[in-house]
Participant: 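Below is the structure I would like to discuss, written out as structure tokens.
Since we're looking at a predicted model, the values are computed, not measured.
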Amino acid sequence: LERRGAVAEAWAEAMPAERVAETWSESATPVQLLVGVTGSPVAFAVDRALRAGALAALRTRLQAPGLRVRTRVGRSPA
């Protein structure tokens, strides 16, 4: 995930390292995080990780109980 302060740190802590390398932040608001991913298999893996506890960890770390995470398949801006 592209470095964006607290959101990037929380994402790096909550997600497996191989997923962090394949994702980037497209936008972040207090209620939604839009994450770009390199492909559909990565989007699926991110979804599985979020359901397995990463979303709860993000919500706790960012103090955002209603946070939603959406993924979008595309190319990294870097």
Participant: At their closest point, which heavy atom of Ala6 faces which heavy atom of Arg61, and how far apart are they?
Facilitator: O-NH1, 4.3 Å
Participant: Do the non-hydrogen side-chain atoms of Leu67 and Val31 ever get within less than 4.5 Å of each other?
Facilitator: no
Participant: Determine whether Val35 and Val69 make a side-chain contact, defined as any pair of heavy atoms from C-beta on separated by less than 4.5 Å.
Facilitator: yes
Participant: How long is the gap from OG1 on Thr23 to CZ on Arg72, to the nearest 0.5 Å?
Facilitator: 14.5 Å
Participant: Are any of the side-chain heavy atoms of Arg70 and Glu26 separated by less than 4.5 Å?
Facilitator: no
Participant: Measure across Val7 and Ala28 and return the closest heavy-atom pair with its distance rounded to 0.1 Å.
Facilitator: CG2-CB, 4.4 Å
Participant: What are the two closest heavy atoms between Ala14 and Ala57, and how far apart are they?
Facilitator: CB-CB, 4.1 Å
Participant: Starting at CD of Glu13, measure out to CG of Leu58 and round the result to the nearest 0.5 Å.
Facilitator: 9.5 Å
Participant: I need the minimum non-hydrogen distance between Gly39 and Val73, along with the two atoms involved.
Facilitator: CA-CG1, 3.8 Å
Participant: Could you state the interatomic distance from OG1 (Thr71) to CZ (Phe44), rounded to the nearest 0.5 Å?
Facilitator: 11.5 Å
Participant: Within the supplied structure, the quantity of interest is the number of heavy atoms (other residues, nucleotides, ligands) at a distance under 6.0 Å from Gln63 CD; does it exceed 12?
Facilitator: no
Participant: Between Leu34 and Ser25, is there a side-chain heavy-atom distance shorter than 4.5 Å?
Facilitator: no
Participant: So which atom in Ala45 and which in Arg19 form the shortest heavy-atom distance, rounded to 0.1 Å?
Facilitator: CB-NE, 3.1 Å
Participant: Return the minimal non-hydrogen interatomic distance between Met15 and Ala49, and the atom names on each side.
Facilitator: CE-CB, 3.5 Å
Participant: Once you round to the nearest 0.5 Å, how far does CG of Leu55 lie from CZ of Arg68?
Facilitator: 11.0 Å
